[in-house]
Amino acid sequence: MFSGKARAYTNIALIKYWGKENQELIIPMNNSLSLTLDAFYTETHVTFSEEITEDQFYLDNQLQDSKATLKVSRFLNVIRDKADCSLQAIVKSKNFVPTAAGLASSASGLAALAGAASAALDLTLSSEELSRLARRGSGSACRSVYGGFAEWQKGDSDESSYAVNIPSYGFEDDLSMIFVVVNDAQKDVSSRDGMQRTVETSAFYDGWLQTVPTDLAKAKQAIVEKDFTALGEVTEASALKMHGTTLAATPPFTYWSAESMKVMNLVRQIRSRGLPCYFTMDAGPNVKILVERKNEETLLRALKEQLGNQQLVVAHAGPAIEILTEEEVK
Ligand code: ADP
Ligand code: DP6
């Protein structure tokens with residue numbers, strides 16, 4: 001028996017990944033840039049054993065069905081190939097984040113699985129190699145290998161597509177991200193299916209792709225200059241453009257709900273009253289708001305006044321993936 005455990009934190013993209021050049025290898029159409037967060041994470045324990053004949057996948061103590069297990073098995077095959085291992089595995093994972101609700105469980109989930117399984121099989125991987133591996137499970141997972149800001153450099157092959165850390169000299173510690181969880185139910189269109197549909201059918205997809213390099217450069221410059229306004233503006237713009245592509249897909253779809261729009265409008269209103277804050281959204285109806293940490297309390301008060309009992313979760317920059325020992329698992 002060979003066991004390994006890991007904890008990985010979610011990341012939220014400020015410049016979004018949306019679309020794949022290669023679906024099998026998960027090579028993206030564009031570079032993306034994210035902030036890893038401390039509030040949501042996954043812990044995963046993997047045991048490769050001679051005593052079982054097929055992979056078993058438990059998520060939050062529930063044995064998962066064959067479809068969910070197949071996804072995990074396919075990913076484990078990549079690791080088994082690398083380590084020349086033919087043993088089946090028991091995967092026990094806990095999401096301290098709602099699953100498949102647009103809160104990036106796939107990023108923390110697949111990064112934790114990559115970390116735990118590679119540790120179990122004694123693969124000694126650099127951060128870039130672990131990022132490449134996590135990418136094979138879910139694209140956004142390759143960024144969760146790092147704490148703080150990360151850029152996924154798209155590359156054009158399995159070897160050249162991975163994330164790197166973006167040094168920010170403490171800027172990430174000046175930031176907060178407030179999650180407005182309007183609905184934590186599982187979404188209808190997964191990010192995987194949604195992005196594929198827009199690549200294949202959306203008339204707006206080319207427009208999205210053309211603007212990413214400029215937006216990415218603006219975001220990186222804003223990080224170097226610790227310019228919150230510039231980072232917030234480009235973050236919001238990137239999310240709006242990404243979500244714009246879904247409206248022109250066939251069949252069209254949107255991840256926005258009436259509640260999401262209410263929150264986005266509220267962010268604009270609060271900003272127009274002089275408090276700098278900017279929203280972003282992923283493949284689900286929940287809204288994430290980027291604000292300077294010094295303004296976090298004021299923003300929370302303003303949000304609570306308007307949203308009442310909406311679930312608000314405050315996050316700050318989170319750490320890199322952690323390979324755990326037995327005692328460290330909660
Ligand atoms: P999200 O917005 O939560 O990232 P996605 O639809 O992109 O939603 O991804 C959700 C999928 O990620 C799940 O259906 C499952 O396949 C995978 N996933 C989530 N958590 C885990 C986990 N802890 N271990 C393995 N796979 C996971
Ligand atoms: C909107 O990484 O979940 O959150 O690579 O198919 O697993 P797959 O997709 P996933 O997509 C994330 C999309 C996004 C934007 C982002 O995180 O960059």
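Just so it is clear, the values below take in all heavy atoms, side chains as well, and ignore hydrogens, waters and symmetry mates. Start at 1 and go down the list; that is how both ligands and their atoms are numbered.
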message = Given Leu103, Ile12, Asp282, identify the one with the heavy atom nearest to atom 14 (C) of ligand 2.
response = Asp282

query = What atoms in ligand 1 come closer than 4.0 Å to a heavy atom of Ser191?
reply = 5 (P), 6 (O), 7 (O)

request  = Give yes if a backbone or side-chain nitrogen or oxygen of Trp18 is under 3.5 Å from a nitrogen or oxygen of ligand 2, and no if not.
outcome  = no

Contacting atoms of ligand 1, where contact means under 4.0 angstrom from a heavy atom of Ser93 = 22 (C), 23 (N), 24 (N)

request  = Give the minimum heavy-atom separation between Ser118 and Leu130, together with the two atoms involved.
outcome  = OG-CD1, 3.8 Å

query = Should Ala141 be counted as touching ligand 2, given the test is an N or O pair under 3.5 Å?
reply = no

inquiry  = Which of the numbered atoms in ligand 1 are under 4.0 angstrom from any heavy atom belonging to Gly109?
reply    = 21 (C), 22 (C), 23 (N), 24 (N)

inquiry  = List ligand 1 atoms under 4.0 Å from Leu103, heavy atoms only on the residue side.
reply    = 2 (O)

task = Give a yes/no on ligand 2: does Gln196 have at least one heavy atom closer than 4.0 angstrom to it?
result = no

Ring geometry between Phe40 and Phe179 (parallel below 30°, tilted from 30 to 60°, perpendicular above 60°) = perpendicular

key: Thr44, any N or O under 3.5 Å of ligand 1 N or O   = no

Any N/O pair Ser105/ligand 1 closer than 3.5 Å = yes

key: Phe48 ring center within less than 6.0 Å of Phe2 ring center   = no

request  = With heavy atoms only and a cut-off of under 4.0 Å, state how Ser138 meets ligand 2: side chain, backbone, both or neither.
outcome  = both

For Lys20, the ligand 2 atoms whose distance to one of its heavy atoms is below 4.0 Å = 5 (O), 6 (O), 8 (P)

inquiry  = Can you tell me which portion of Val91 lies within the under-4.0 Å heavy-atom range of ligand 1? Options are side chain, backbone, both, or neither.
reply    = neither

ask   = If you look at every heavy atom in Leu133 and Ile79, which pair is closest and at what distance?
value = CD1-CG1, 3.7 Å

Enumerated ligand 1 atoms positioned under 4.0 Å from heavy atoms of Thr42 = 23 (N)

query = Taking all non-hydrogen atoms of both residues, which atom of Val145 and which atom of Ala134 are closest, and how far apart?
reply = CG2-CB, 4.4 Å

ask   = Can an N or O of Lys16 be found at a distance shorter than 3.5 Å from an N or O of ligand 2?
value = no

request  = Can you pull out the closest protein heavy atom to atom 15 (C) of ligand 2? Residue, atom name and distance to 0.1 Å, please.
outcome  = Tyr17 O, 3.3 Å

key: Ser106: numbered ligand 2 atoms lying under 4.0 Å from its heavy atoms   = 3 (O)

ask   = Between Tyr58 and Lys92, is there a cation-pi geometry (under 6.0 Å to ring centre, at most 45° from the normal)?
value = yes

key: side-chain hydrogen bond (donor to acceptor under 3.5 Å, both in side chains) partner of Asn95, the single match among Thr42, Thr44, Asp60   = Thr42

ask   = Do any N/O atoms on Arg192 end up under 3.5 angstrom from N/O atoms on ligand 2?
value = yes

ask   = Can you find a non-hydrogen atom of Arg135 under 4.0 Å from ligand 2?
value = no

task = May I ask you to decide if the ring planes of Tyr255 and His243 are parallel, tilted or perpendicular, using 30° and 60° as cut-offs?
result = perpendicular

